[in-house]
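Counting from 1, the numbers follow the sequence of the chain as shown.
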Amino acid sequence: MKYISHLDLMRLFLRVLRRSGLPLKFSEGFNPHPKFSIKRAFKLGVEFFNEEASFELKDSIAIDHVNRAILTQLPEGIEINKLEYA
């Protein structure tokens with residue numbers, strides 16, 4: 001996707017993760033957010049492939065279940081190439 005900003009991509013994936021029903025780990029404090037990050041921020045108009053992102057789950061879940069839960073919520077044009085536990 002060429003014309004999506006870094007912040008829009010962050011919002012998109014946070015929405016996908018929330019809708020997936022996965023037990024996400026949240027930050028602590030007054031305004032908790034899911035623990036999610038994208039490795040690099042690209043400029044608007046720069047097309048990128050194989051972007052790396054990470055998120056934390058409360059419980060250990062089979063990787064196939066995580067993959068299916070996320071893929072059902074992703075919009076057209078955004079794909080996951082590889083999903084793995086760190």
Q) At what distance, to the nearest 0.5 angstrom, does CE of Met10 lie from OG of Ser37? A) 7.0 Å

Q) So which heavy atom on Ile38 is nearest to which on Glu51, and how close? A) CG2-OE2, 3.1 Å

Q. Looking at Ile78 and Leu9, what are the two nearest heavy atoms and their distance?
A. CD1-CD1, 4.2 Å

Q: Might you work through the side chain to side chain contact (heavy atoms under 4.5 Å, CB included) test for Leu74 and Ile70, ending with a clear yes or no?
A: CA-CA 6 Å; Leu74 281 175; Ile70 292 173; 4.3 Å; yes

Q: Calculate, to the nearest 0.5 Å, the distance between atoms NZ and CD belonging to Lys82 and Glu52 respectively.
A: 9.0 Å

Q: With rounding to the nearest 0.5 Å, note down the distance linking CD1 in Ile63 to CG in Leu83.
A: 4.0 Å

Indicate every side-chain donor-acceptor pair of residues 20-28 with a distance under 3.5 Å to a residue at least two apart or in another chain.
residue	atom	partner	partner atom	Å
Ser20	OG	Leu17	O	2.6
Ser20	OG	Leu22	N	3.4
Ser27	OG	His33	N	3.0
Ser27	OG	His33	O	3.3

